[in-house]
Amino acid sequence: MCHIFAGQAPETYESQTRSVRIGGHSTSIRLEAAFWAILEEVAAHQGMSLGKFVTTLHDEVLELHGEVSNFASLLRCSCLIYLGEVRGKAPSAPREMARRACASELQAAE
């Protein structure tokens with residue numbers, strides 16, 4: 001695999017906990033640093049701060065599904081969707097696999 005995966009810098013997959021305010025309540029979310037970096041990019045792409053993006057996403061999922069069961073997983077899957085759909089850099093097969101995995105994970109959580 002040419003060390004593409006094994007050679008990544010450890011700080012990219014180091015867990016980071018950030019506090020965000022969702023629905024007026026402060027909560028903590030733990031994600032790998034690489035996902036936080038992508039979420040910052042997604043938020044900037046949407047013209048929002050990271051906090052505003054996370055809150056907006058949470059509210060939209062709540063409106064669509066009535067609950068948000070695994071928000072950290074939703075954020076990770078959102079990153080994959082962004083990379084595949086908006087950036088368009090993800091090859092189609094992995095993108096489709098990620099989309100299916102995210103869809104089944106969200107359905108299982110419902």
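If you read the sequence from its start, that first residue is 1, and numbering goes on from there. All values derive from a computational prediction rather than experimental measurement.
Between I38 atom CD1 and L31 atom CG the span is 10.0 Å, to the nearest 0.5 Å. Rounded to the nearest 0.5 Å, atoms CD1 (I29) and CZ (R18) are 10.0 Å apart. L62 CG to E67 CD: the interatomic distance, rounded to the nearest 0.5 Å, is 9.0 Å.
Among residues at least two apart or in separate chains, there is no ring-ring contact (aromatic ring centres under 6.0 Å, His included) pair with a member in residues 11-31.
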For side-chain contact (heavy atoms from CB on, under 4.5 Å), just list the numbers for C79 and L39, CA-CA rounded to whole Å, side-chain angles, deciding distance to a tenth of an Å, and then say yes or no. CA-CA 6 Å; C79 289; L39 286 171; 3.6 Å; yes

Test log, rule side-chain contact (heavy atoms from CB on, under 4.5 Å), inputs E32 and R76: CA-CA 9 Å; E32 294 75 14; R76 288 185 190 95; 3.1 Å; yes

Let me have the donor-acceptor pairs involving side chains of residues 53-61, under 3.5 Å, with sequence neighbours excluded, atom names and distances please.
| residue | atom | partner | partner atom | Å |
| --- | --- | --- | --- | --- |
| T55 | OG1 | R21 | O | 2.8 |
| T55 | OG1 | G51 | O | 2.9 |
| T56 | OG1 | K52 | O | 2.8 |

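Residues meeting the side-chain contact (heavy atoms from CB on, under 4.5 Å) test with A9, sequence neighbours left out: E11, T12. Residues passing the side-chain hydrogen bond (donor to acceptor under 3.5 Å, both in side chains) test with T17, sequence neighbours excluded: R30. For E41, the side-chain hydrogen bond (donor to acceptor under 3.5 Å, both in side chains) criterion is met by Y82, R87, not counting sequence neighbours.
Smallest separation of non-hydrogen atoms from I22 and F71: CD1-CE2, 3.7 Å. Considering all non-hydrogen atoms of both residues, A43 and S49 come closest at CB-O, 3.6 Å.
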